[in-house]
Amino acid sequence: MANTTNLNIIFEALSLIPKIHNVLNYQKKAKTVSQEIQENSPAKTTRRLALGLATIALFANSSIGNSVAEENNGFFITGPLQVPSVSSNIINKETGTRSFLKKGMYIANIGTKGRIHRLKRYAFDLLALGDLIGSDAWNYVRKYLRIKSTFMYYDFDEVITTAEVNEKQPLTDLANRLFDNVEKLEDAVKKKNLPQTQTCYQETTTILQEVMDRMA
């Protein structure tokens with residue numbers, strides 16, 4: 001009878017969980033299992049009890065997962081991705097944006113320290129891009145350049161925003177020099193103009209090295 005009492009307590013607790021509508025049906029089946037408990041050996045009893053509870057837990061957790069996913073709890077994205085924006089002065093003054101920015105990307109907020117580390121890492125990644133220039137990999141070079149530069153654009157904005165007052169302008173100048181060159185490089189890659197691409201990339205690598213030194 002002790003096993004039957006414990007099962008009743010478990011089912012009463014489960015019935016209090018919101019938005020789990022199927023639990024009651026499994027309670028009826030569990031009562032049948034509890035009646036069979038008295039008629040079977042201890043080994044079979046333990047096995048059937050475990051299987052019964054596992055089945056209930058599986059369906060219950062499924063209902064809970066759906067419920068949580070529908071809520072705005074910060075762990076799930078149930079709607080369109082938010083369009084990121086910048087508050088610092090790093091846009092192209094003529095166009096009001098940057099030509100290399102890739103849309104539909106999720107930029108995770110990993111904190112200022114995380115963004116500084118990512119800026120350094122992505123600058124290093126772009127320094128290795130030169131090996132592909134001139135190797136008939138224009139589409140890959142352009143996509144890779146846009147993805148890395150898009151992350152760096154929004155990371156730079158966050159770093160500038162949270163920087164000390166005397167650091168904001170030097171960081172802004174560095175970011176603008178970098179992104180001005182990236183726009184020229186992206187345009188040259190798009191046109192598959194090898195001489196222009198090589199020249200722009202050489203200028204960009206110098207600034208990328210500055211970014212790595214600054215974020216060290």
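Just so it is clear, the model here is predicted, and its values are computed rather than measured. Along the sequence shown, residues carry numbers from 1. Atom set for the values below is all heavy atoms of this structure, side chains included, hydrogens, waters and symmetry mates excluded.
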Self-check item: I110 reachable from Y122 in the ILVMFWY side-chain graph, under 4.5 Å edges
Solution: no
Quiz item: Honestly curious: do L208 and L132 fall in one hydrophobic cluster under the side-chain, below-4.5 Å linking rule?
Solution: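 Same hydrophobic cluster.
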Exercise. Would you list the pairs meeting ring pair (Phe, Tyr, Trp, His ring centres under 6.0 Å) in which at least one residue belongs to residues 181-216, sequence neighbours left out?
Key: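 Every candidate ring pair (Phe, Tyr, Trp, His ring centres under 6.0 Å) pair involving residues 181-216 fails, so no pair, neighbours aside, qualifies.
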Self-check item: Summary of ring pair (Phe, Tyr, Trp, His ring centres under 6.0 Å) pairs that have at least one residue in residues 166-199, sequence neighbours excluded
Solution: F100-F179, Y153-F179, F156-F179
Is a salt bridge present between [X] and [Y], judged by a nitrogen-to-oxygen distance below 4.0 Å?
X: R121; Y: D125; result: yes
X: D173; Y: R177; result: no
X: D180; Y: R98; result: yes
X: E167; Y: R214; result: yes
X: K184; Y: E203; result: no

Count the heavy atoms of every other residue, nucleotide or ligand shown that sit under 6.0 Å from [atom1] of [X], and state whether that count exceeds 12.
X: K190; atom1: NZ; value: no
X: Q202; atom1: CD; value: no
X: K113; atom1: NZ; value: no
X: K148; atom1: NZ; value: yes

Under a 3.5 Å distance rule, please check whether [X] uses its side chain to pair with a backbone N or O of [Y] as donor and acceptor.
X: T95; Y: T97; value: yes
X: N193; Y: A188; value: no
X: S149; Y: R146; value: no
X: T204; Y: V182; value: no

Quiz item: Heavy atoms, side chains only, cut-off 4.5 Å: are R118 and I107 in contact?
Solution: yes
Quiz prompt | Flag side-chain contact, heavy atom, 4.5 Å: H117 against K120 | solution =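 The answer is no, as the side chains (C-beta and beyond) never meet within the 4.5 Å cut-off.
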Quiz item: Side-chain donor-acceptor pair under 3.5 Å between S87 and T161, yes or no?
Solution: yes
Quiz prompt | Exercise: do N89 and T172 side chains pair donor with acceptor under 3.5 Å | solution = no
List the atom pairs, donor and acceptor, that lie under 3.5 Å between side-chain atoms in residues 136-145 and the rest of the protein, sequence neighbours left out.
| residue | atom | partner | partner atom | Å |
| --- | --- | --- | --- | --- |
| R142 | NE | E186 | OE2 | 2.7 |
| R142 | NH2 | E186 | OE2 | 2.9 |

